[in-house]
Amino acid sequence: MRWLRNQRAVGGVTALLAVTACAPPTEPDQQTGPFTGQVKPVLYVADVETSAPFFRDVLGFEFLGYSNTNGTPYYAEMAAGSLKFGLHNAMNEKQEGWIGHQRIYFRVRDVRELRSQLISHGASPGEMIETDWMDMFIVRDLDGHEIVLAATDPAKHSIDPW
């Protein structure tokens, strides 16, 4: 954990995850249709106060803060480069059914180096998976969600899914 905090202080989280996300158009006239180009992935979790530190300290994502109701956090805002995503306590039976059953992909610059770094800092990533469209590995969060960390190489992969 200390390593990630020291790295974060010198910008290591961005370098560690090196996440690529598409920025929304800067000018309204560049937009087509009703969409802004932004998306907010949200993972439903059993306990946001347990999940947020795992994403921050073990996986290296940036923690942006909690949303609270009567002083009790129910939502954590996280960041990976310019992409923001949320961790949300399940608020009803339907959302409880989603806990641990979601998958989210993050593009990284050097997937093998990141996997080695996560292992050396106590994470338990799955094996490397090489396909014709990306190389990736999966880390399960505390609830069982699949956090996929992936990279593509135009010289190696037949398509770029990003």
Side-chain angles (χ1 to χ4, degrees), residues 1 3-25 35-67 73 75-90 95 98-162:
M1 285 188 221
W3 180 85
L4 288 173
R5 286 195 180 115
N6 286 343
Q7 291 294 319
R8 183 178 294 127
V10 296
V13 170
T14 301
L16 176 64
L17 288 177
V19 173
T20 303
C22 295
F35 301 103
T36 65
Q38 295 175 305
V39 64
K40 175 59 68 91
V42 175
L43 297 175
Y44 286 95
V45 297
D47 181 356
V48 73
E49 290 182 278
T50 302
S51 292
F54 175 81
F55 276 81
R56 180 192 64 215
D57 298 335
V58 177
L59 299 180
F61 291 98
E62 182 180 358
F63 172 72
L64 301 176
Y66 289 114
S67 289
Y75 176 86
E77 184 82 349
M78 308 299 292
S82 63
L83 174 69
K84 292 182 182 179
F85 66 100
L87 305 173
H88 201 300
N89 280 348
Q95 292 171 355
W98 293 337
I99 295 173
H101 298 286
Q102 295 169 282
R103 175 184 272 196
I104 188 170
Y105 287 73
F106 294 92
R107 185 179 196 175
V108 300
R109 287 194 180 101
D110 189 335
V111 69
R112 285 169 182 72
E113 176 62 25
L114 176 59
R115 185 175 179 280
S116 294
Q117 289 174 356
L118 292 178
I119 289 170
S120 71
H121 293 99
S124 299
E127 295 299 317
M128 284 296 306
I129 301 167
E130 295 183 17
T131 72
D132 65 342
W133 58 288
M134 72 173 50
D135 294 345
M136 62 187 163
F137 66 90
I138 299 170
V139 177
R140 290 191 182 269
D141 76 355
L142 301 173
D143 291 303
H145 295 296
E146 293 181 347
I147 312 306
V148 182
L149 301 161
T152 54
D153 177 352
K156 178 179 176 185
H157 299 98
S158 61
I159 63 169
D160 186 355
W162 311 104

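Quick note: numbers below take in every heavy atom, side chains included, and nothing from hydrogens, waters or symmetry partners.
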**OP:** Can you sort out the partners of Glu77 under side chain to side chain contact (heavy atoms under 4.5 Å, CB included), two or more places apart, ordered by chain and number?
**Re:** Lys40, Leu64, Tyr75, Lys84
To the nearest 0.5 Å, what is the distance between [atom1] ([X]) and [atom2] ([Y])?
X: Ile99; Y: Asp47; atom1: CD1; atom2: CG; value: 10.0 Å
X: Ile119; Y: Leu114; atom1: CD1; atom2: CG; value: 10.0 Å
X: Asp141; Y: Ser51; atom1: CG; atom2: OG; value: 5.5 Å
X: Gln95; Y: His88; atom1: CD; atom2: NE2; value: 6.5 Å
X: Asp110; Y: Leu149; atom1: CG; atom2: CG; value: 12.0 Å
X: Arg56; Y: Leu87; atom1: CZ; atom2: CG; value: 11.5 Å

**OP:** Evaluate the ring planes of Trp98 and Tyr44, with Trp represented by its six-membered ring, and classify them as parallel (under 30°), tilted (30 to 60°) or perpendicular (over 60°).
**Re:**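 Tilted.
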So, do [X] and [Y] sit near enough that their side-chain heavy atoms are less than 4.5 Å apart?
X: Phe55; Y: Leu43; result: yes
X: Asp143; Y: Gln102; result: no
X: Phe63; Y: Met78; result: yes
X: Val111; Y: Met134; result: no

Original post:
Can you list the steps and then say if Glu113 with Val108 is a side chain to side chain contact (heavy atoms under 4.5 Å, CB included)?
Top reply: CA-CA 10 Å; Glu113 176 62 25; Val108 300; over 6 Å; no
Applying ring-ring contact (aromatic ring centres under 6.0 Å, His included), can you list everything that pairs with [X], at least two apart in sequence or on another chain?
X: Trp133; value: none
X: Tyr105; value: none
X: His145; value: none

Original post:
Looking at Tyr66 and Pro53, what are the two nearest heavy atoms and their distance?
Top reply: OH-CD, 4.2 Å
Original post:
What's the shortest heavy-atom distance between Gly126 and Phe137, and which atoms?
Top reply: O-CB, 3.7 Å
Subject >> Side-chain (Glu49) to main-chain (Pro73) donor-acceptor, under 3.5 angstrom >> reply: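 Not confirmed, Glu49 side chain does not pair with Pro73 backbone.
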Original post:
What residues, two or more places apart in sequence or in another chain, satisfy side chain to side chain donor-acceptor pair (under 3.5 Å) together with Asn89?
Top reply: none
Original post:
By side chain to side chain donor-acceptor pair (under 3.5 Å), which residues pair with Arg140, not counting sequence neighbours?
Top reply: Glu146
